[in-house]
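Here is the structure we will look at.
We count residues from 1, following the sequence as given.
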Amino acid sequence: MLRTLTLLAALCIVTYGCPTILTKSQWGGRAATCRTAMTTPVTYVVVHHTEGTACSTQSACTTQAKNIQNYHMNSNGWCDIGYNFLVGEDGLVYEGRGWTSVGAHAPNYNSNSIGISVFGSFMSHNPNTAAQNAVKNLISCGVTKGYIKSAYILKGHRNVTATDCPGNTFYSTITTWPRFQA
């Protein structure tokens, strides 16, 4: 019975609701040192991979989020983590710059897109189902809440700049998702 209820709850989230989004303060992220407001709803959703270590627990993903934020702020000299959101194979979403701040993830698209990056490298395999569903549900959530246009265009990072991101296998997968355009 418990397994059936858990499955039904998961299906309801997939179909109707927003995924669990941990705020930056919940995962222990640093405050941004600057912020540029973004006009919403945005036209584009740009999918990335972090090209680092994958994570499948909240503890491991929190560590990864902190490492990425430190790299972006300390090494790149950015005022915050570059992505709007990050997603782990734990099925959770980790807030980066959020819905209403311009990201630093895709030149020429930052001010009109939400950048979503999945922790890990996906050249030869896909993120697990929990991560893929979290990305899809986050996009749906953004549309429902008015942050992403209902007629949005989904792109892989490689469609907007010279990179292999979000990895060959994951890129092939997102090309089959609704609203994808190369």
Side-chain angles (χ1 to χ4, degrees), residues 6-32 35-50 52-70 72-73 78-106 109-120 122 127-150 152 154-155 157 166 170 174 177-179:
T6 302
L7 179 60
L8 287 173
L11 287 173
C12 286
I13 290 171
V14 169
T15 306
Y16 300 108
C18 295
T20 300
I21 301 172
L22 298 179
T23 65
K24 196 182 299 180
S25 63
Q26 287 175 313
W27 61 260
R30 294 159 53 187
R35 177 183 182 275
T36 302
M38 183 163 58
T39 303
T40 59
V42 298
T43 301
Y44 299 98
V45 175
V46 181
V47 176
H48 304 259
H49 66 170
T50 63
T53 304
C55 56
S56 58
T57 67
Q58 184 175 338
S59 174
C61 292
T62 293
T63 297
Q64 285 301 99
K66 289 177 182 178
N67 290 342
I68 292 165
Q69 186 183 40
N70 286 336
H72 286 180
M73 293 177 79
W78 299 345
C79 63
D80 199 0
I81 196 165
Y83 309 113
N84 298 93
F85 296 95
L86 298 105
V87 173
E89 290 189 304
D90 58 352
L92 298 176
V93 176
Y94 297 77
E95 179 188 49
R97 294 191 185 206
W99 295 114
T100 60
S101 293
V102 173
H105 59 89
Y109 284 80
N110 289 325
S111 64
N112 195 23
S113 70
I114 294 294
I116 304 170
S117 191
V118 181
F119 294 111
F122 301 105
N128 68 12
T129 302
Q132 290 186 51
N133 285 341
V135 172
K136 291 175 186 176
N137 292 335
L138 183 63
I139 295 167
S140 178
C141 176
V143 170
T144 299
K145 292 183 175 282
Y147 296 117
I148 299 171
K149 291 181 179 179
S150 58
Y152 71 90
L154 178 68
K155 292 190 172 288
H157 188 204
F170 191 29
I174 68 165
W177 290 3
R179 313 218 49 82

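In this structure, SG on C18 lies 8.5 Å from CG on N137, to the nearest 0.5 angstrom. Y83 contributes atom OH, which lies 6.5 Å from atom OG1 of T50 (distance to the nearest 0.5 angstrom). The structure places CG of N67 at 10.5 Å from OG1 of T62, a figure rounded to the nearest 0.5 Å. Note: T40 OG1 to N112 CG = 10.5 Å, rounded to the nearest 0.5 Å. Taken from CG in L154 to CZ in R179, the straight-line distance is 9.5 Å, to the nearest 0.5 Å. To the nearest 0.5 Å, the span separating NZ on K155 from OG on S113 amounts to 11.0 Å.
Under the ring-ring contact (aromatic ring centres under 6.0 Å, His included) criterion, W99 pairs with F85, Y147, not counting sequence neighbours. Shown here are the side chain to side chain donor-acceptor pair (under 3.5 Å) partners of H157, two or more places apart in sequence or in another chain: H48.
Nearest approach of M38 to I114, heavy atoms of both residues: CE-CD1, 3.7 Å. The nearest pair of heavy atoms linking K24 to R30 is CD-O, 3.0 Å. Of all non-hydrogen atoms in V87 and A131, the two that sit nearest each other are CG1-O, 3.6 Å. The shortest heavy-atom contact between C79 and M73 is O-CE, 3.4 Å. Annotation for C61 and G88: closest pair SG-CA, 3.7 Å, computed over non-hydrogen atoms. Nearest approach of A134 to P19, heavy atoms of both residues: O-CG, 3.9 Å.
Partner of I116 under the side-chain contact (heavy atoms from CB on, under 4.5 Å) criterion, chosen from V46, N84, I139: I139.
Side-chain contact between V135 and W177 is present, with at least one heavy-atom pair separated by less than 4.5 Å. With contacts defined as side-chain heavy-atom distances shorter than 4.5 Å, the pair T53/Q64 qualifies. Two residues are said to be in side-chain contact when any heavy atoms from C-beta on lie closer than 4.5 Å; F119 and L86 meet this criterion. Y94 is not listed as a side-chain neighbour of Q69, based on a closest heavy-atom distance of 4.5 Å or more. Contact check for Q58 versus L22: side-chain heavy atoms found under the 4.5 Å cut-off. In this structure, N110 and H105 have side chains that are in contact, with non-hydrogen atoms separated by less than 4.5 Å.
Between F122 and F170, the angle of the ring planes goes over 60°, which puts this pair in the perpendicular group of the 30/60° scheme.
With no hydrogens or angles considered, no side-chain donor-acceptor pair links S59 and T57 at under 3.5 Å.
Although no hydrogens or angles enter the test, the distance criterion places a donor-acceptor pair under 3.5 Å between the side chain of R97 and the main chain of I81. Remark: side-chain polar atoms of Q132 are paired, donor with acceptor, to backbone N or O of P127 under 3.5 angstrom. Put simply, the side chain of N128 gets close to the backbone of E89: a donor and an acceptor are under 3.5 Å apart. When atom types are taken as modelled, the side chain of S56 and the backbone of D90 share no donor-acceptor pair closer than 3.5 angstrom.
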